[in-house]
Amino acid sequence: MKKRLLCLLLILALLLTGCANVNFGGYFSALGQMMGLNTPAVTKFSDMTYTHPDMDALQDTLDAACDTAANGKNLQAVLQGILDYYDAYDRFYTNYYLADIYYCADLRDSDWADEYAYCGSNVSTADAGLETLYRALAQSPYRSELEGDDYFGADYFTAYDGEAFYDETLLDLFQQESDLISDYYVQNDKAAQADTEEAYYTTCVPAMEETLLSLIALRQKIAAYCGYDSYAQFAYDQSYYRDFTPEEAQNYLAAIQSELAPIYAQVRDLDTGLDAPGTEADTVAYVASAAKAMGGTIQDAYTLLDTGHLYDLTPSAYKYNSSFEIYLDSYAEPFIFVCPTETVYDKLTFIHEFGHFANDYASSGASNSVDVSEIFSQAMTYLSLCYADGGEALSQGAMVDSLGVYVEQAAYASFEQAAYDLTDSDLSVENLRRLFADTCEAFHMEDMNEQYYALITHFFTNPMYILSYVLSNDAAMQIYQLELENSGDGLKIYEENLTNSEPSFLAFLNSAGLEAPFGRIASVAQTFHSLLGE
């Protein structure tokens, strides 16, 4: 999972702490390079430093930039003011991400928990400052020059001519969301220490279910305040830059339920060997062999990963039980966090996150939509089966796992969209449990505990994100199908598009010469039948 929140030009900042964050580093660094600034040298992760964010200093930098936008002597002064705020903004987020990484490494550490909570509570302030700056630039006498091809581009500031997006009510709603997510992390940590599965579900999960219930109600309120009839459409527009509708997505999920779920039901319990013991050395060696065989930009990305030791694969019972990649803007370097299972499956997890790493390395952290960014992670996993020293067993296991991504994540996404349709008295823990059980049964996953949805972090921290795994898996599958047909064809498309700046999903697919996923399920089913012998 790529830790990033993709926003429209309105710079909407949903406080989805712990899973996705605003990241404009690639654009900012590109603007910096146009002004002759130097690219930072490679920094080892162990040499990176965390500094408690000074929000007063950030405000002072914003005030100075806005004043220069209105009264600056020349365009160069205005640009310098913009870069000063961008730099301060990047430092804020870099510190936030570092606190996130260190807190996730040991959820018992109260100091890092406090720093992470402090940063999270100030996200909306930093992002509101960005909108304030853009509104000042919209009124600047240098606007026409700023909207030239060398800088922001034509009509960039049109979105900032009208009413401001942020107000005290909305900022308060975001703060409530941040507080609830912080509560979830505390509850999640306690749950991780449960001695038995029974204790987990009876003692720990109910509190998390209530928190999710509160989050759903709050997010519905946020969407309504912003003029939306549904939270799904709000999230599609404002968080994920999606160029398709929730209704189109639901029809796609229904097709997966109909055509792929029955296949998965036949193979999901196969002993694929992915749960065999594995070591960190084996996991790293797998990624290294894949990168070396693929060469080019991908091999260069691995060199950076290895040189800076920009990853955490250390096993620990106290780590946050998830994996992600994140871009540290101030250092212009990505970082990978993995909570390993110490099994062969870690190879697939690490190579998935390395796909995000390679994308961020090649594009200097430039943001696509989440749906697009997940293409690079999942396609990297597929391609590694062709280029790394993994063996036939790993390939077989990866195919079962891939089919599981389609079906299980489709089930979760379908449940999530339906959950946000529950309102008033229908929005209850009992109805969430019933809805989850019914959805799992429809996808041939009858053995799922009705409370299992509380284990899925994305529901708490990244609402409507899970769909990205399903959609991007189809695009990644197309790349894999091309690679299987003719060695090198899939890799060529992958590397050519590492710097593709098209932000929205369907537009990206079109520009890359790939098909939209809607209507492709029959072809995907045929591929799985062929590869799995079912």
Side-chain angles (χ1 to χ4, degrees), residues 1 3 16-20 103-104 107-108 180-216 219 264 268-269 274-275 315-324 337-343 345-346 348-349 352-353 401 404-420 422 427-470:
M1 179 184 72
K3 262 188 172 245
L16 310 181
T17 54
C19 60
Y103 175 46
C104 287
L107 295 175
R108 301 169 300 171
L180 285 170
I181 293 171
S182 294
D183 291 343
Y184 159 72
Y185 275 108
V186 174
Q187 295 160 357
N188 183 273
D189 181 30
K190 291 180 179 178
Q193 310 309 315
D195 295 332
T196 65
E197 182 176 351
E198 181 180 2
Y200 181 88
Y201 279 110
T202 59
T203 305
C204 303
V205 167
M208 292 192 286
E209 291 180 295
E210 291 292 342
T211 297
L212 181 59
L213 203 68
S214 297
L215 279 167
I216 292 174
R219 287 165 178 161
Y264 186 50
R268 61 181 300 202
D269 294 327
L274 293 182
D275 59 354
S316 170
Y318 303 104
K319 290 182 79 170
Y320 174 50
N321 187 26
S322 188
S323 300
F324 55 82
F337 178 94
V338 173
C339 183
T341 60
E342 298 184 271
T343 66
Y345 189 80
D346 290 337
L348 300 182
T349 301
H352 174 103
E353 300 302 341
D401 184 67
V405 169
Y406 271 109
V407 177
E408 292 186 13
Q409 303 305 317
Y412 301 155
S414 183
F415 159 77
E416 183 176 35
Q417 291 203 171
Y420 277 88
L422 298 175
L427 183 57
S428 65
V429 168
E430 291 74 17
N431 282 342
L432 286 179
R433 292 179 182 179
R434 185 179 301 110
L435 177 61
F436 186 72
D438 290 346
T439 303
C440 287
E441 182 177 2
F443 280 82
H444 298 273
M445 296 159 52
E446 299 88 348
D447 57 340
M448 284 286 188
N449 187 300
E450 66 176 4
Q451 294 176 273
Y452 185 81
Y453 68 89
L455 278 70
I456 301 172
T457 297
H458 289 56
F459 291 157
F460 297 86
T461 59
N462 293 70
M464 303 298 160
Y465 186 114
I466 285 177
L467 178 65
S468 295
Y469 290 123
V470 187

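The residues of the chain are indexed from 1 along the displayed sequence.
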Contact between [X] and [Y] at the side-chain level, heavy atoms closer than 4.5 Å - yes or no?
X	Y	result
Y452	C440	no
I181	F460	no
L215	T211	yes
Y345	D401	yes
T349	H352	no
L467	E416	no
Y200	V205	yes

For L422 and I216, run side-chain contact (heavy atoms from CB on, under 4.5 Å): C-alpha distance rounded to whole Å, both residues' side-chain angles, the deciding distance at 0.1 Å, then the answer. CA-CA 9 Å; L422 298 175; I216 292 174; over 6 Å; no
Walk me through it: do Y420 and R219 pass the test side-chain contact (heavy atoms from CB on, under 4.5 Å)? CA-CA 9 Å; Y420 277 88; R219 287 165 178 161; 3.1 Å; yes
For residues [X] and [Y], report the shortest heavy-atom separation together with the two atoms involved.
X	Y	answer
F324	C104	CE2-SG, 4.1 Å
T343	D275	CG2-O, 3.6 Å
M445	A411	SD-CB, 3.9 Å

Please check if the side chain of S414 supplies one atom and the backbone of A410 the other of a donor-acceptor pair under 3.5 Å. no
Counting only N and O atoms by type, is there a donor-acceptor contact under 3.5 Å from the side chain of Q409 to the main-chain atoms of I466?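 Flag not set: sc Q409 to bb I466 has no pair under 3.5 Å.
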Mark yes when over 12 heavy atoms from residues, nucleotides or ligands other than Y318 sit less than 6.0 Å from its OH; otherwise mark no.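 Atom OH in Y318 is not crowded, with 12 or fewer foreign heavy atoms closer than 6.0 Å.
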A quick test of your reading: do over 12 heavy atoms of other residues, nucleotides or ligands sit less than 6.0 Å from CG of N321? no
Got a second to check how far [X]'s [atom1] is from [Y]'s [atom2], nearest 0.5 Å?
X	Y	atom1	atom2	answer
T202	E197	OG1	CD	10.5 Å
L213	L180	CG	CG	10.5 Å
C204	Q451	SG	CD	11.0 Å
N449	L455	CG	CG	8.5 Å
M208	I456	CE	CD1	11.0 Å
D346	S323	CG	OG	8.0 Å

Residues at least two apart in sequence or cross-chain that pass salt bridge (Lys or Arg N to Asp or Glu O under 4.0 Å) with R108, listed by chain then number, are D106
My understanding is that only residues two or more places apart in sequence, or in another chain, count here; which of them pass salt bridge (Lys or Arg N to Asp or Glu O under 4.0 Å) with E408?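 If we apply the salt bridge (Lys or Arg N to Asp or Glu O under 4.0 Å) test to E408, skipping adjacent residues, there are no hits.
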Compute whether any side-chain donor of one residue and acceptor of the other, for Y453 and E209, lie under 3.5 angstrom apart.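 Yes, E209 and Y453 have a side-chain donor paired with an acceptor closer than 3.5 Å.
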Would T461 and Y185 count as a side-chain contact (heavy atoms from CB on, under 4.5 Å) here? Give the steps. CA-CA 10 Å; T461 59; Y185 275 108; 3.8 Å; yes
Give the C-alpha distance, both sets of side-chain angles, the deciding distance and a yes or no for side-chain contact (heavy atoms from CB on, under 4.5 Å) between T457 and Y184. CA-CA 9 Å; T457 297; Y184 159 72; 3.0 Å; yes
Would you list the pairs meeting salt bridge (charged side-chain N to carboxylate O under 4.0 Å, His left out) in which at least one residue belongs to residues 438-459, sequence neighbours left out? R268-D447
Ring-ring centroid check H458 Y412, cutoff 6.0 Å: no
Please verify the inter-ring angle class for F415 with F436; under 30° counts as parallel, over 60° as perpendicular, anything in between as tilted.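 Judged by the thresholds at 30° and 60°, the geometry between F415 and F436 is perpendicular.
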